[in-house]
Amino acid sequence: MALNQAKGGQQGDLVQFSLAMLGQLQQRHQQVWRLQRWLEQGSAMPLAIHLEPMVAAHHSPLAMRLTLSWHNGESCPLAWLEESGLLEEVMAHVLAQAYTMTPLPLLLGMSKTQLARLLRSTLIRLASGRIIVGLPFLTKEDPELKAMVLRADLMLALEEVGSATMSLARGGWPLVYWTPCRTSEEEAVALQPLVQALGLTTLWPARLREVTRPASSLQA
């Protein structure tokens, strides 16, 4: 009897899992369809553009972090757009609209793979001089990618810095900003000598800057 109950429980879990997966697939299909309809017919944009001020030591924003969400509040990351095959088309419209919302550079978080894709697409014409590419980290030399970044006149921001960052900066990578988004205040203080030696400007979300008010040791 206990064995039958266990089997029944496993089957029930499998059914619930299958239903959840089916629901996710249906939701994804519907979201892709809405984007395709918007791109083809010019209907209302199904995504909301969010611009978050990013500040350094002073309070005037130096850039605006750009993120996307569906109108129900669910995040729409670039990775999702990439997997759906809609990254370039959607971002062309998003960037064009975002440029009308602020004169400041846009901080756009992405992976190295997405950066390489951006550099090889027509989107790069919209990005030159207006986009700060936010990478989680950069640890290895990549001459081809560096050459494309320099040609495109892009600025880079890193979320994580370490011992390898110095050699990359000396090697000509356009490293301009540090965005310690996942770093505690104590870790940020400890990393300041390295950040200053790299010549990076520390950018914080304005809302966090007002709440945490890092000490004077957290300089730009």
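In this chain, numbering begins with 1 at the start of the sequence shown. Values below: all heavy atoms of this structure, side chains included; hydrogens, waters and symmetry mates excluded.
- Under the 4.5 Å side-chain heavy-atom criterion for Ile, Leu, Val, Met, Phe, Trp and Tyr, Leu150 and Leu175 are members of distinct hydrophobic clusters.
- With salt bridges taken as basic N to acidic carboxylate O contacts below 4.0 Å, one links Arg28 and Glu83.
- In this structure, Ser121 OG and Leu87 CG are separated by 7.5 Å, a value rounded to the nearest 0.5 Å.
- When all heavy atoms of Leu62 and Ala56 are compared, the pair lying nearest together is CD1-CB, 3.8 Å.
- Residues meeting the side-chain contact (heavy atoms from CB on, under 4.5 Å) test with Leu86, sequence neighbours left out: Val32, Leu35, Gln36, Leu39, Ser84, Glu89, Val90.
- With hydrogens and angles left out, the side-chain atoms of Trp173 and Glu141 include a donor and acceptor closer than 3.5 Å.
- The shortest distance between side-chain heavy atoms of Arg117 and Glu82 falls below 4.5 Å.
- Remark: side-chain polar atoms of Lys112 are not paired, donor with acceptor, to backbone N or O of Pro136 under 3.5 angstrom.
- Side-chain atoms of Trp204 never come within 3.5 Å of backbone atoms of Thr179 as a donor-acceptor pair (strictly under, hydrogens ignored).
- Under the 4.0 Å criterion applied to side-chain N and carboxylate O atoms, Arg120 and Glu144 are assigned as salt-bridge partners.
- No side-chain heavy atom of Val55 sits under 4.5 Å from any side-chain heavy atom of Ser60.
- Placement of Met45 and Trp33 in two distinct hydrophobic clusters is found when ILVMFWY residues are connected by side-chain heavy-atom separations under 4.5 Å, directly or transitively.
- Counting heavy atoms from C-beta on, the side chains of Leu168 and Thr139 never come closer than 4.5 Å.
- For the atom pair CG (Leu107) and OG1 (Thr67), the distance works out to 10.0 Å, reported to the nearest 0.5 Å.
- When all heavy atoms are compared, the tightest approach of Leu106 to Ala98 is CD1-CB, 3.7 Å.
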I'd like to know whether Leu200 forms a side-chain contact (heavy atoms from CB on, under 4.5 Å) with Leu194, so could you lay out the CA-CA distance, the side-chain angles of the two residues, the decisive distance to 0.1 Å, and finally the verdict.
CA-CA 9 Å; Leu200 303 182; Leu194 174 59; over 6 Å; no
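- By the neighbour-count criterion of 12 heavy atoms within 6.0 Å, atom NE2 of His29 is sparsely surrounded, having that number or fewer from other residues, nucleotides or ligands.
- Here the CZ-CE distance, from Arg130 to Met155, works out to 10.0 Å after rounding to the nearest 0.5 Å.
- Note: Arg37 CZ to Gln30 CD = 11.0 Å, rounded to the nearest 0.5 Å.
- Remark: of the listed residues Leu119, Val133, Leu118, Leu119 is the sole one forming a side chain to side chain contact (heavy atoms under 4.5 Å, CB included) with Val149.
- Taking all atoms of both residues into account, the shortest heavy-atom contact from Trp178 to Leu158 is CD1-O, 3.1 Å.
- Of all heavy-atom pairs between Met166 and Ala197, the closest is CE-CB, 3.7 Å.
- Contact between Ile132 and Pro105 at its shortest, heavy atoms only, is CD1-CB, 3.9 Å.
- Applying the ring pair (Phe, Tyr, Trp, His ring centres under 6.0 Å) rule to His93 yields the partners Trp38; only residues at least two apart in sequence or on another chain are considered.
- Interatomic distance, CG of Leu68 versus CD1 of Ile49, reported as 6.5 Å (0.5 Å rounding).
- Looking only at side-chain heavy atoms (C-beta outward), Leu104 and Pro61 come within less than 4.5 Å of each other.
- Here the shortest heavy-atom pairing between Thr202 and Gln192 reads OG1-NE2, 3.7 Å.
- By the side-chain contact (heavy atoms from CB on, under 4.5 Å) test, Glu74 pairs with Gln27, Gln31, Trp70, Asn72, sequence neighbours left out.
- Taken to the nearest 0.5 Å, the CD1 atom of Ile131 stands 7.0 Å off from the CE atom of Met91.
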